[in-house]
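Here is the structure we will look at, set down as structure tokens.
To find a chain, count down the sequence lines: A is the first, B the second, and so on, and within it residues start at 1. Note: hydrogens, waters and symmetry copies are ignored here, and every other heavy atom, side chains too, is used.
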Amino acid sequence: MGKLYDLLLEDIRFEEGLNACMNCGVCTAICPAAEFYNYDPRKIVDTVQSKDEDKIIELLKSETIWYCGECMSCKTRCPRGNAPGLIIMALRGLSQELGYFVESEKGRQQLAIKRTVGDWILSTGYCVYLDGITIAMHPEQGPVWEWVQDNKAELLNRLGGNYKGDGPGILRKIPEETLAELKRIFEVTGGMERYEKIESFSKTKAKEMNLELTEGIDNEYFRHIYKTNNGTHSR
Amino acid sequence: MKIEGKKVIWSEYQKEIADDNYFYVRSCIRQNFFPGSEVAFLRIMRDVLKKDVFEHPCHTTCSGIGYHGDVVPVETAMTVVARQFSLMTEAGYTNYVPSCITSFGLYTEILDTWHHFPEVEEKVRRQLKKATGREFKKPENLAHASDVIYKFRKEIAAKSKYRLINKETGEPLKVVDHIGCHYSKMFPSKGVGGAEYPYVLTGMIEEWGGQIVDYPERRHCCGFGFRQYLVQANRGFSIACSKEKFESMKPYQPDMIITNCPGCPMFLDRWQYVINEMEGKRYGQNGEGIPVFTYEEVAGLVLGYDPWDLGLQMHQTDCEPVLKKIGIEYSPEDKYNLAIIPSYSDSHKLINV
Ligand code: SF4
Ligand code: SF4
Ligand code: SF4
Ligand code: SF4
């Protein structure tokens, strides 16, 4: 049995998500990502089930594992009770642990997610946070969002929020002691280690690609991974 | 499938929803995009239904978007969630009510994992203790905030000022429901009505006078897909999914869309704007878009709450056509007036009123 398969087995989601796939393709038929991308969840389950080490490494370095939207529609329909979406999550976890994620365009985007959502969780206590959802990064938010951004304090007050205030309520300031608890949880449970791995593998890759990567989101590498789409992913 | 057939399915999925004393946990996404909806939920629960709802100032992100963006490992997410349970335990509550569907899905998934793998739960308990010194009890009842509104839909109807009926024609408004994928696709028995034909929003709409429209892509995901929206390069997936839904619902001429997810009301709202910018195409009637609402916004309108207190000015797709159809009295000129003091009490801010 392969070493990588054993590592996957350590992921609880893997154990929950895979029981003898019969290759029926029901998951692919329902999958919204398979409709849009060159993607087939059935094949991924099949490859993993084969326990073929080389093929699993190929998968961990591939674009394929990053196409899933984790909607879990596949879980509802699979006659074997499998959840290809959960298997994908285990594969993505391992790809980041081993640093293979930087070998694909879609995988490299993990740094962009880490430096937005990932960092907001620890710095603000929210997974998304008003101040970070800028029009520059989210042009699709439209003119209304420009108005929201220009008037956020007054608007939240108008609507009964508690923006940056003490106590309970909408977008309240999360107390320092609470943020410290979150950070400790990340340290104790491997969250911080995951963040550090994403950072350090990305740094090496940025050097190799000859792209400047400094702190934050205002640098070449971040812009590159956030915006590049080579056009070969979708149908 | 005929409605009769669905009723049979629905009756198989009757979940238990606590009837008072709720520990309320906010959604990060909704606080940013639909703050008025969470305020409306608390107003309805406290002022209209006279229920006890507690909000702990120290609750945080559940880390769900980080978890589904695959930057937060599963053990970390479980321990963050365990900390939220510990706040509930500390406050003396047992009925846990998250505002967020993604979060509700995560709680459901975690409780299920702990049920099947008690050693995982034990490890999380040790890790939480080590990191924060905290201990916790698991919730006795877990219900999404939309489950709770569903439970009290008749009480809300009894106190309603308006019904979801076209004032001119007397016909019920045609409503499309969109249920968050993570509400019941993973664990059908945890959602009202199950995964294939969820009843949670349909029940509200029918009770409040509207008519639900069935259409082919009803259960298709809105296309959030976490990383598929969070990263700009991937947003083509997100918009393509939403577009598929719009194309599929258009022939049924819906008057409005109702949702119970953190992301979908925003995506279904904003992608209509983008599609119109890109292709000059609109999906509603009279060359307009289809207004998209959260279930709290709809409940608030039915109860006669001011549309601008509900935060409807934060929608990109104009919601006023629906207000006019129902015949809601409101001042269009106050839409962007931020000097207005809300017309309701401050009860939504208080702890344990
Ligand atoms: S639906 Fe289930 S059994 Fe069928 S191919 Fe997909 S994972 Fe395998
Ligand atoms: S979870 Fe992933 S694989 Fe499963 S249906 Fe959704 S997009 Fe497809
Ligand atoms: S899943 Fe919902 S509550 Fe959890 S972090 Fe995200 S938006 Fe916040
Ligand atoms: S419908 Fe959209 S926002 Fe809602 S759960 Fe599915 S992907 Fe998430």
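For A:M192, no part lies under 4.5 angstrom from a heavy atom of chain B. Interface remark: A:H233 contributes no atoms to any contact with chain B (heavy atom separation under 4.5 Å). For A:A180, no part lies under 4.5 angstrom from a heavy atom of chain B. For A:I185, the parts sitting under 4.5 Å from any heavy atom of chain B are the backbone and the side chain alike. Residue A:I225 touches chain B through its backbone alone, counting heavy-atom pairs closer than 4.5 Å. Both the backbone and the side chain of A:P32 come within less than 4.5 Å of a heavy atom of chain B. In this structure, chain B has a heavy atom under 4.5 Å from the side chain of A:I198, while its backbone stays farther away. Contacts of A:L155 with chain B are made by both backbone and side-chain atoms, with heavy-atom separations under 4.5 Å. Only the backbone of A:C68 comes within less than 4.5 Å of a heavy atom of chain B; no side-chain atom from C-beta onward does. Of the atoms belonging to A:L111, not a single heavy atom falls under 4.5 Å from chain B.
Contacts of A:Y221 classified as ring-ring contact (aromatic ring centres under 6.0 Å, His included), with partners at least two apart in sequence or in another chain: none. Legend: residues meeting salt bridge (charged side-chain N to carboxylate O under 4.0 Å, His left out) with A:E181, ordered by chain and number and at least two apart, are B:R83, B:R134.
Of all residues in residues 142-149 of chain A, those placing a non-hydrogen atom less than 4.5 angstrom from a non-hydrogen atom of chain B are A:G142, A:P143, A:V144, A:W145, A:W147, A:V148. Identified by a heavy-atom distance below 4.5 Å to chain A, the contributing residues of residues 69-77 of chain B are B:G69, B:D70, B:V71, B:V72, B:P73, B:V74, B:E75, B:T76, in residue-number order.
Donor-acceptor pairing under 3.5 Å is recorded for the side chains of B:Q228 and A:Y37. Between the side chains of A:Y163 and B:Q31, no donor-acceptor pair is found at a separation under 3.5 Å.
Side-chain N or O atoms of A:R172 include one that pairs as donor or acceptor with a backbone N or O of B:P57 at under 3.5 Å. In terms of modelled atom types and a separation under 3.5 Å, the side chain of B:D309 and the main chain of A:L159 share no donor-acceptor contact. The backbone N or O of A:R223 lies less than 3.5 Å from no partner atom in the side chain of B:Q232, so there is not a single donor-acceptor pair.
Contact record, A:E70 with B:H68: OE1-ND1, 2.7 Å, taken as the closest heavy-atom pair. The two atoms that bring A:Q109 and B:A233 nearest to each other are NE2-CB, 3.8 Å, heavy atoms only.
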